[in-house]
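This is a predicted model, so every value here is computed, not measured. These values consider heavy atoms only, across backbone and side chains, with no hydrogens, waters or symmetry-generated copies. Sequence lines set the chain letters: A, B, ... in the order given, protein chains first and strands last, and positions in each chain run from 1.
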Amino acid sequence: MNLLRLSFANLTVSPLSSAVNILLLALGTASIAALLLANTHLASVLQRNAAGIDLVIGATGSPLQLVLAGVYHADVPPGNIDSKELTRWAAHPMVASAIPLSLGDSYDGYRIVGTVEEFSDLYGATLQAGRFWHRPFEAVIGSNVAQSTGLETGDTFSGNHGLVASGEAHDGIPYRVVGQFLATDSVLDSLIVTSTRSVWLMHNTQHQGEHPEDGKLRHHQGEDCANIQDCDPATEGGEESHQPDNYEAHAHHGEAIDHDEMSLHFNDPAFEDHPQVGDQSAADEADGVNEEVTLLLITLSSPLGMLSLPREVNAESSLQAASPAYELTRLLQIVGIGLNWLKTFAAILVVSAALSIFAALYASLRARRHDLAVLRCLGASRSELFSLLFLEGFLLTVAGIVTGLCFAHGGMSLVGYWVGDGRGLTITGWAWAPEEFLLILGLLATGALTALLPAWQAYRTDVSRTLTAP
Amino acid sequence: MALTISQNKQQRDTPVLEIRNLTFGYDQALLNIDAFTLAQQESIAVLGPSGCGKTTFMHLLTGLLRPDAGSIQINGTEITTLSEAKIDQLRGQQIGIVFQRMHLIPSISILDNLLLAQRLARVPSDKTYAIGLLEQLGIADLGNRRPPTLSQGQVQRAAIARAVAHKPSLLVADEPTSALDDKNARDAITILKDLTIGNSAALIVVTHDERVRASLQRTYDLTTGQ
């Protein structure tokens with residue numbers, strides 16, 4: 001029998017009171033811990049997905065929208081730009097690499113991204129099975145896509161117009177899965193990646209069916225707006241970028257070409273994929289393929305580029321450069337204001353719990369003053385009585401903290417389970433926010449302060465007077 | 001060997017409790033004791049009407065109160081000059097107290113109450129001895145139960161067992177029979193006396209219960225000092 005056991009035993013005398021106090025503290029702790037976890041997780045996911053991308057160049061519009069669409073695949077892009085911009089900016093001395101993305105279609109809610117193989121390098125991705133695309137309409141899928149849709153190497157699927165599952169289907173032009181990425185814990189896991197040329201051909205080929213009299217693929221600026229956009233009459237005059245009216249599902253006016261025609265195209269040497277979009281240009285110009293990309297992911301060759309390149313890009317009326325790091329900071333600041341309010345509310349919960357523990361300890365002290373005096377008679381020192389009461393407060397605090405952390409991490413795990421892969425925002429409770437250490441220290445300090453006064457009262461117990469008191 | 005015999009003799013000759021010229025009062029003098037001595041295996045009933053200072057007397061000799069003047073020695077150690085920490089230690093090791101209202105710790109079992117007394121007395125934990133005490137008092141089967149679940153008589157026995165769990169040389173009981181019927185009161189006094197003799201200790205029972213008076217070797221009236 002030691003003081004720790006005695007403290008624990010004392011807490012079990014009023015189990016309901018102890019449980020309520022623990023629960024109160026646990027709720028406050030869980031609220032703060034969950035917010036910290038969510039904040040840290042969000043920042044980590046956002047930073048991880050933006051790693052290696054210094055700038056995003058795209059059509060003018062909201063820079064945050066451009067970053068969300070191009071880096072996190074969480075928003076619709078502002079518009080398209082001519083693929084010649086790729087050649088131009090890739091050759092810029094400040095640019096180490098420029099990766100084009102063509103967006104606009106999806107499958108079962110997962111975005112189809114037309115790009116080059118180097119795109120996967122941004123996420124350090126390696127193939128788990130199969131290979132990269134060699135021909136148009138060959139695709140490599142992310143691990144979440146494979147898990148969620150059941151697609152495997154060799155399967156075919158038809159994409160939908162727009163970025164949601166309810167978009168009109170490209171029924172006649174299936175993609176073939178030729179590879180699958182290993183999980184990267186990034187947004188790539190939730191993407192279907194194919195060649196830029198596939199996306200161009202997907203849309204232009206369909207319109208060939210709409211305009212058979214043309215006898216060749218052509219620009220449909222006013223009707224299809226290349227790969228992703230709804231048509232904007234204002235852009236029909238040949239503007240390089242287009243603000244979409246509706247990205248969710250852009251309309252097509254004709255029937256898809258049949259499979260025989262597609263087979264013909266697959267076997268056409270002109271459909272051989274090229275490793276770089278720039279190389280494709282010549283072939284595509286000959287094809288009359290609409291050469292637009294949605295945006296460029298830029299890696300700079302020098303940090304100095306962050307100063308000069310955006311200015312250079314933004315000087316052009318049809319283009320804008322957005323920095324993921326800057327936009328990310330701005331986004332987290334906006335989110336942070338809400339989080340701070342929630343943290344304040346949670347802190348009030350913690351203070352309420354601390355006051356409740358204080359009240360419980362103080363009431364317990366008054367009810368047990370004779371017991372404490374008897375302990376002194378049995379030989380306990382003043383400091384042992386202090387320790388006894390302090391330990392009781394400390395045990396309640398520790399139990400509240402541990403329960404609260406279990407609530408927070410368990411809750412996050414449950415949310416992660418319910419949300420699933422979250423389209424690249426995998427949520428897990430098996431993570432630890434660095435600020436949680438500070439939270440625990442703060443809560444322990446609060447618990448110590450709470451227990452201090454009752455413990456001091458116990459220390460000062462006048463044994464003789466207490467024993468003779470009624 | 002001669003030295004050991006001499007030490008043992010000195011130990012036997014030294015009174016367990018010796019009080020000289022003790023005075024204590026709050027606003028006015030409450031206690032005046034010229035001389036009070038108690039030897040090993042001796043039992044004494046300290047008598048007096050309510051308000052005469054019986055409980056104060058008990059608190060003084062256990063070091064819970066300090067006298068205004070005079071000397072209190074326990075086994076030759078002057079406790080009036082000891083620091084509070086030393087008194088706590090001495091009280092834990094050499095004195096066992098049976099309270100009027102028993103005051104067993106309600107959150108732990110009877111056996112744990114005994115083990116806690118050993119721990120606070122800074123003596124090695126002796127579970128076997130504690131269980132033996134409970135057996136001796138006829139409550140061995142109640143060792144794992146908490147005090148609130150016991151009858152008053154059972155609590156009384158448990159409180160006595162706790163008071164001697166660390167083998168004190170002085171056993172002090174404050175009105176131990178005030179809430180007991182005749183049979184339980186008789187049993188309680190018998191047990192206290194038996195344990196005192198068995199442990200070579202000394203027993204002081206502070207009481208105004210006439211049933212106790214006749215059972216003990218000596219009496220001391222606080223009002224008369226006789």
Side-chain angles (χ1 to χ4, degrees), chain A residues 1-19 21 360-361 363-389 391-393 395-396 399 454 456 458-470, chain B residues 24 26 51 53-60 62-66 83-109 111-123 125 127 130 146-148 159 162-163 165-166 168 172 174:
Chain A
M1 174 54 60
N2 53 39
L3 287 185
L4 187 63
R5 273 191 62 196
L6 183 59
S7 297
F8 184 78
N10 287 338
L11 292 177
T12 61
V13 169
S14 305
L16 185 62
S17 167
S18 297
N21 285 316
L361 283 178
S364 165
L365 172 77
R366 293 182 66 79
R368 291 190 291 132
R369 63 189 195 281
H370 280 106
D371 295 341
L372 294 172
V374 167
L375 288 177
R376 286 293 310 282
C377 290
L378 294 176
S381 63
R382 286 185 185 275
S383 55
E384 281 174 318
L385 290 199
F386 180 93
S387 303
L388 183 68
L389 262 288
L391 271 174
E392 287 179 25
L395 283 175
L396 281 176
W456 177 246
Y459 180 90
R460 294 184 58 205
T461 298
D462 184 330
V463 183
S464 178
R465 187 168 292 176
T466 305
L467 286 175
T468 50
Chain B
F24 180 83
Y26 293 103
K54 293 192 297 293
T55 300
T56 300
F57 172 73
M58 192 195 92
H59 288 183
L60 283 167
T62 54
L64 296 174
L65 287 174
R66 287 184 186 269
S83 67
E84 190 177 66
K86 290 283 184 191
I87 291 177
D88 289 339
Q89 196 175 346
L90 179 139
R91 183 170 54 243
Q93 288 175 344
Q94 301 194 27
I95 302 174
I97 305 173
V98 180
F99 299 95
Q100 185 176 356
R101 282 180 281 182
M102 316 310 163
H103 290 310
L104 290 168
I105 305 299
S107 58
I108 55 178
S109 70
L111 181 59
D112 280 339
N113 265 278
L114 270 61
L115 297 177
L116 179 66
Q118 292 176 345
R119 190 258 176 212
L120 293 176
R122 277 86 173 161
V123 299
S125 179
K127 195 171 180 178
R146 291 183 178 185
R162 181 181 66 178
H166 56 292
V172 181
D174 182 17

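Among A/T12, A/V13, A/D462, A/V374, the residue making the largest number of heavy-atom pairs under 4.5 Å with chain B is A/V374. Heavy-atom pairs under 4.5 Å with chain A were tallied for B/R91, B/Q89, B/Q93; the largest tally goes to B/R91.
No part of A/L11 comes within reach of chain B, as not one of its non-hydrogen atoms sits under 4.5 angstrom from that chain. Neither the backbone nor the side chain of B/T62 comes within less than 4.5 Å of any heavy atom in chain A. Contacts between B/I95 and chain A at a heavy-atom distance below 4.5 Å are absent for every atom of the residue.
When all heavy atoms of A/S464 and B/H59 are compared, the closest pair comes out as OG-ND1, 2.7 Å. For the pair B/L116 and A/L375, the tightest heavy-atom approach, listed with the atom from each and the gap, is CD2-CD2, 3.6 Å. Residue B/E84 comes nearest to A/R382 through the heavy atom pair OE1-NE, 2.5 Å, listed as atom of the first residue, atom of the second, then distance.
Within the 4.5 Å cutoff, the side chain of A/F8 has no heavy atoms near those of the B/S107 side chain. No side-chain heavy atom of A/L378 sits less than 4.5 Å from a side-chain heavy atom of B/H166. A/L6 places none of its side-chain heavy atoms less than 4.5 Å from the side chain of B/R119.
We find the CD1-CG distance between B/I97 and A/L467 to be 8.0 Å, quoted to the nearest 0.5 Å. Atom CZ of A/R5 is separated from atom CG of B/L115 by 8.0 Å, given to the nearest 0.5 angstrom. Atom-to-atom distance recorded for B/I87:CD1 and A/R376:CZ is 9.5 Å, nearest 0.5 angstrom. One finds the CG atom of B/L65 at 9.5 Å from the CZ atom of A/R465 (value rounded to the nearest 0.5 Å). Distance check: A/L372 CG to B/H103 NE2 gives 11.5 Å after rounding to the nearest 0.5 Å.
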Inset, instruction - Starting from the C-alpha separation in whole Å, work towards a yes-or-no answer on side-chain contact (heavy atoms from CB on, under 4.5 Å) for A/C377 and B/L64. - result: CA-CA 8 Å; A/C377 290; B/L64 296 174; 3.5 Å; yes

Legend entry - Stepwise side-chain hydrogen bond (donor to acceptor under 3.5 Å, both in side chains) check, A/S381 with B/D88: CA-CA 6 Å; A/S381 63; B/D88 289 339; 5.5 Å; no

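By the side chain to side chain donor-acceptor pair (under 3.5 Å) test, A/D371 pairs with no residue at all, sequence neighbours left out. Under the side chain to side chain donor-acceptor pair (under 3.5 Å) criterion, A/S364 pairs with A/R368, sequence neighbours left out.
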